Amino acid sequence: MKALYFAWVRERVGKAEEELDPPATVATVGDLIAWLSRRGEGYAHAFDKPLAVRAALDRVHARSDALIAGAKEVAFFPPMTGG
Amino acid sequence: MKALYFAWVRERVGKAEEELDPPATVATVGDLIAWLSRRGEGYAHAFDKPLAVRAALDRVHARSDALIAGAKEVAFFPPMTGG
Amino acid sequence: MMATVRVQRDDFDPGAEAEGLARGRKDVGAVASFVGYCRDEGGRLAALELEHYAGMAEEEIARVVGEAEGRWPLLGVAVIHRYGRIAPGERIVFVAVAAAHRGAAFAAAEMLMDYLKTRAPFWKLVIGVDGAFEGWVEAKADDDRSAARWSDAVSGP
Amino acid sequence: MMATVRVQRDDFDPGAEAEGLARGRKDVGAVASFVGYCRDEGGRLAALELEHYAGMAEEEIARVVGEAEGRWPLLGVAVIHRYGRIAPGERIVFVAVAAAHRGAAFAAAEMLMDYLKTRAPFWKLVIGVDGAFEGWVEAKADDDRSAARWSDAVSGP
């Protein structure tokens with residue numbers, strides 16, 4: 001699946017997007033965050049307060065318990081500050 | 001004092017404005033309405049439901065118990081329907 | 001605070017009026033505006049004839065603007081109300097409010113419209129399409145209720 | 001219902017966009033509109049850099065417009081949100097709603113703004129005047145509360 005990072009999540013992870021291939025045990029958005037956090041310092045910093053990071057699956061807001069199976073695109077970002 | 005009439009109050013009274021010289025016993029807006037109602041059929045019709053008519057003294061909304069002493073201009077009109 | 005109040009027969013340009021409240025400023029974060037139009041009521045209405053109390057109309061609107069200013073931190077207000085004959089599709093009334101934040105701008109614009117409906121001395125005469133009828137629009141209890149929403153902080157007529 | 005949703009780098013003409021909702025129509029009685037501007041925060045802010053999630057931004061705004069449509073009888077909606085670098089005094093966001101009556105137009109415009117703030121995927125980076133600092137704007141609890149006002153009738157994210 002394709003992962004996108006925005007705003008300070010992007011800055012901390014150090015890239016705007018990448019391809020992810022999580023193991024089958026990673027079922028939910030929350031699992032994915034935990035798995036990403038173990039990939040290095042930048043990821044750990046980006047996700048150190050999991051509640052401060054929002055996610056979207058295929059461009060729709062998703063909670064941390066949402067299942068990622070079938071999603072082609074996942075995005076992580078801070079709470080929105082548009083408008 | 002100068003009296004102004006608007007909308008259906010004007011139509012019923014039959015004129016847009018006139019000079020009034022009420023007797024000293026006419027103290028309030030309500031008294032003035034009662035006094036005008038006795039001036040003829042048009043006036044009686046205009047003021048037959050006193051609560052349906054609003055008044056202003058010198059261009060400021062006034063209740064029926066407002067004193068008319070000193071006012072140069074009194075106006076009578078239906079509830080407003082602008083906006 | 002910059003306040004514009006106009007009562008006029010002619011049409012106006014709402015975009016230019018609203019933008020005028022923000023132009024050249026860097027403290028305005030929000031402009032809420034409203035335009036009221038004449039509807040044709042499903043084809044039955046040929047025109048509205050708006051009667052007004054010249055002099056009091058401007059003064060009363062200015063009082064209402066003053067009350068809004070006392071209630072919210074506003075950076076600019078514009079109110080325009082037309083009178084005379086107005087055909088379906090034409091503009092009747094305009095309100096715009098500038099503020100630092102959107103909450104104040106929206107609330108003041110809505111309060112101004114509610115108060116214009118119930119306190120500004122204008123009366124609408126409906127002219128029917130075939131000349132078969134005309135009649136004065138009756139004041140709506142709804143409008144009184146809308147205006148009463150604001151009465152905890154500002155005094156009514 | 002006519003709905004326009006645009007996410008763009010360029011500025012826009014709010015007057016023309018709002019008037020477009022009423023032009024040629026005789027059933028529109030009310031157009032409420034809102035423009036959000038970049039403030040200079042007392043001279044400390046040189047610019048905002050707005051990042052957005054292209055694709056999702058348009059889709060999410062369209063979902064929010066759909067929820068407003070389900071809640072009020074609307075005759076037209078236009079939403080424009082800019083991204084990229086925006087200087088103090090420049091427009092950032094625009095919402096306009098047309099309806100027969102003002103209550104629906106005001107409420108829908110305000111709900112759309114509340115939801116844009118909390119659900120549309122945009123993030124503001126503040127650039128300080130002397131280049132001495134930059135930082136991401138933090139989401140406000142106030143905005144979440146504003147958006148929550150509408151949650152009895154529409155489902156959140």
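Residue numbering restarts at 1 for every chain, and letters A, B, ... go by the order of the sequence lines. All of these numbers come straight from a predicted model, not from anything done at the bench.
Going from atom CZ of A:Arg59 over to atom CD of D:Glu58 covers 8.0 Å, rounded to the nearest 0.5 Å. Atom NE2 of A:His61 sits about 8.0 Å away from atom OG1 of D:Thr118, to the nearest 0.5 Å. Remark: A:Phe76 CZ to D:Tyr53 OH distance equals 10.5 Å, nearest 0.5 Å.
Using cut-offs of 30° and 60° on the angle between ring planes, the pair A:Phe6 and D:Trp123 is parallel.
In this structure, chain D has a heavy atom under 4.5 Å from the side chain of A:Ala56, while its backbone stays farther away. At a 4.5 Å heavy-atom cutoff, D:Glu49 makes no contact with chain A through either its backbone or its side chain. For chain A, no part of D:Arg82 is nearby; none of its heavy atoms comes within less than 4.5 Å.
Of the listed residues (D:Arg63, D:Met113, D:Lys140), the one with the most heavy-atom contacts under 4.5 Å to chain A is D:Arg63.
Between A:Thr81 and D:Val137, the closest heavy-atom pair is CG2-O, 3.3 Å.
The number of heavy-atom neighbours closer than 6.0 Å to CD of A:Glu41, taken from other residues, nucleotides and ligands shown, is 12 or below. Heavy-atom neighbours of A:Glu18 CD from other residues, nucleotides or ligands within 6.0 Å: above the threshold of 12.
D:Trp136 is listed as a side-chain neighbour of A:Glu11, based on a closest heavy-atom distance under 4.5 Å. Between A:Leu4 and D:Met56 the shortest side-chain heavy-atom distance does not fall below 4.5 Å.
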